[in-house]
Structures are given as C-alpha cells and as structure tokens.
Amino acid sequence: MTEQPPEPQLSGVDLARVALRAAKEQARARGAAAQQKKQARRGGLRSGARADGRDPLPLGAAISRLITERGWEAPAAVGGVMGRWPQIVGEDLARHCEPQRYDEEEKVLTVRCDSTAWATQLRLLAPQLVARLNADLGHGTVKLIKVLGPSGPARSYGRLRAPGSTGPGDTYG
C-alpha cells in the first residue's frame, strides 16, 4: 500500500479562504432554492431579456390578435369597408348611399340611399358591387346588398288629414 502524504493543516488566511468558499456555495444553493420557490409561487418563469408570449404588445398587434382569437375577421373587414365606402363605390355614389349594417349570418349588407333614383341606381350596380366587395374581403363575405330608399317623415294623424290619403308616404318609396 502506498501512503498518501498527510494533508497540510490549514491555518490563518488559507482557513479563511476555504470557509469563505464553502459559505458562498451554501448561499448560492439556498438562493437557487429560494428563487425556484418564488417562481413556483408566481406561476412560473418571468419574462427576461428575450421576447416571449407574456411581453406587452403594441396596440395594433393586440387588436389583431384579439380579432383572430375571437373569429371576428369578417365583421372587422366589413367595418373597414364601411370606413372606406367612398373609395370602394366612388364619390358620387357615396354621397347619396350610405352603408347601414351588415348581417354576418345571412351575409347581407344593408345600404340606405337618399332618393329613390339613387336606390334604383344602386340596385342596378349591386351585382358588380358584391363582386368587388368579395374580391376585397374574401369570397362569400357579402352575398346580397339590400338597398333601402329614403325614409319619409313620421306619419302624423291630425285634424287636417284628407280622407283616403296615405300621407307623406305617397311621395316616398
């Protein structure tokens, strides 16, 4: 058997260095355990220097994400059409016809015109307008354009009414 040389006895500064090294290792181990316990309490890791799913988003990106998650792509696109109506149909038509609402289930866009002449004009242009809207929004987004004429003033029934008259409704429609 070979004898190992006896370990030298540490004293003074060497002893202090060994003790300091051991204390640092114990503190590091306690710190790592405390960090893991804190992360578990908080619900996992937190965002650090690199981007991940928990980082704040710009407003536009957050809205796009929300629209996609909720399945609101078609209504949002049609809402955009209502904002861009003059560019889509032209200035003349946009001055006299205004989109009112969009029924997502039936895929019907309702448009109100300010005169019966413009309502007739829009009814004639409706197939081309549906094709243009579907090209812009995606196939099948709009199946029908429902055209409404001008709405007349509310009917008032008073003492000065001619018998058999339908009132101002005779003029509108």
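We count residues from 1, following the sequence as given. Quick caveat: nothing in here was measured; it's all calculated off a predicted structure.
In plain terms, the two heavy atoms of Gly149 and Ala119 that are nearest each other are CA-CB, 4.2 Å. Scanning both residues, Ser115 and Pro150, for their nearest heavy atoms gives C-CD, 3.7 Å.
Interatomic distance, CD1 of Ile145 versus CG of Leu133, reported as 5.5 Å (0.5 Å rounding). Atom-to-atom distance recorded for Leu148:CG and Thr116:OG1 is 13.0 Å, nearest 0.5 angstrom.
The salt bridge (charged side-chain N to carboxylate O under 4.0 Å, His left out) contacts involving residues 115-124 comprise nothing, where partners must be two or more places apart or lie in separate chains. Listed by first then second residue, pairs satisfying salt bridge (charged side-chain N to carboxylate O under 4.0 Å, His left out) with a partner in residues 75-85 read Arg84-Asp136, not counting sequence neighbours. Within the structure, salt bridge (charged side-chain N to carboxylate O under 4.0 Å, His left out) pairs that include any residue of residues 89-102 comprise Asp92-Arg95 (at least two apart or interchain).
Under the rule for a salt bridge (Lys or Arg N to Asp or Glu O under 4.0 Å), Asp103 has no partner lying at least two apart in sequence or in another chain. Residues satisfying the salt bridge (Lys or Arg N to Asp or Glu O under 4.0 Å) test with Arg132, not counting sequence neighbours, are none. Taking Leu124 as the reference, nothing meets the side-chain contact (heavy atoms from CB on, under 4.5 Å) condition, with sequence neighbours excluded. Residues satisfying the side-chain contact (heavy atoms from CB on, under 4.5 Å) test with Glu25, not counting sequence neighbours, are Arg21, Arg28. Scored by the side-chain contact (heavy atoms from CB on, under 4.5 Å) test, Lys107 finds Tyr102, Lys143 as partners (sequence neighbours excluded). Scored by the salt bridge (Lys or Arg N to Asp or Glu O under 4.0 Å) test, Glu69 finds Arg65 as partners (sequence neighbours excluded). Qualifying side-chain contact (heavy atoms from CB on, under 4.5 Å) partners for Thr68, counting only residues two or more places apart in sequence or in other chains: Glu73.
Grouped with Val108 in one hydrophobic cluster are Leu144, the linkage being side-chain heavy-atom contacts under 4.5 Å among Ile, Leu, Val, Met, Phe, Trp and Tyr residues.
Between Leu129 and Val142 the shortest side-chain heavy-atom distance does not fall below 4.5 Å. When side chains are defined from C-beta on, Val89 does not count as touching Leu122, because their heavy atoms never get closer than 4.5 Å.
With hydrogens and angles ignored, the 3.5 Å screen pairs no side-chain donor or acceptor of Asp114 with any backbone N or O of Cys97. A donor-acceptor contact shorter than 3.5 Å is absent between the side chain of Trp118 and the backbone of Arg112.
The residue from Leu109, Thr110, Val111 that alone fulfils the side chain to side chain contact (heavy atoms under 4.5 Å, CB included) condition with Lys146 is Thr110.
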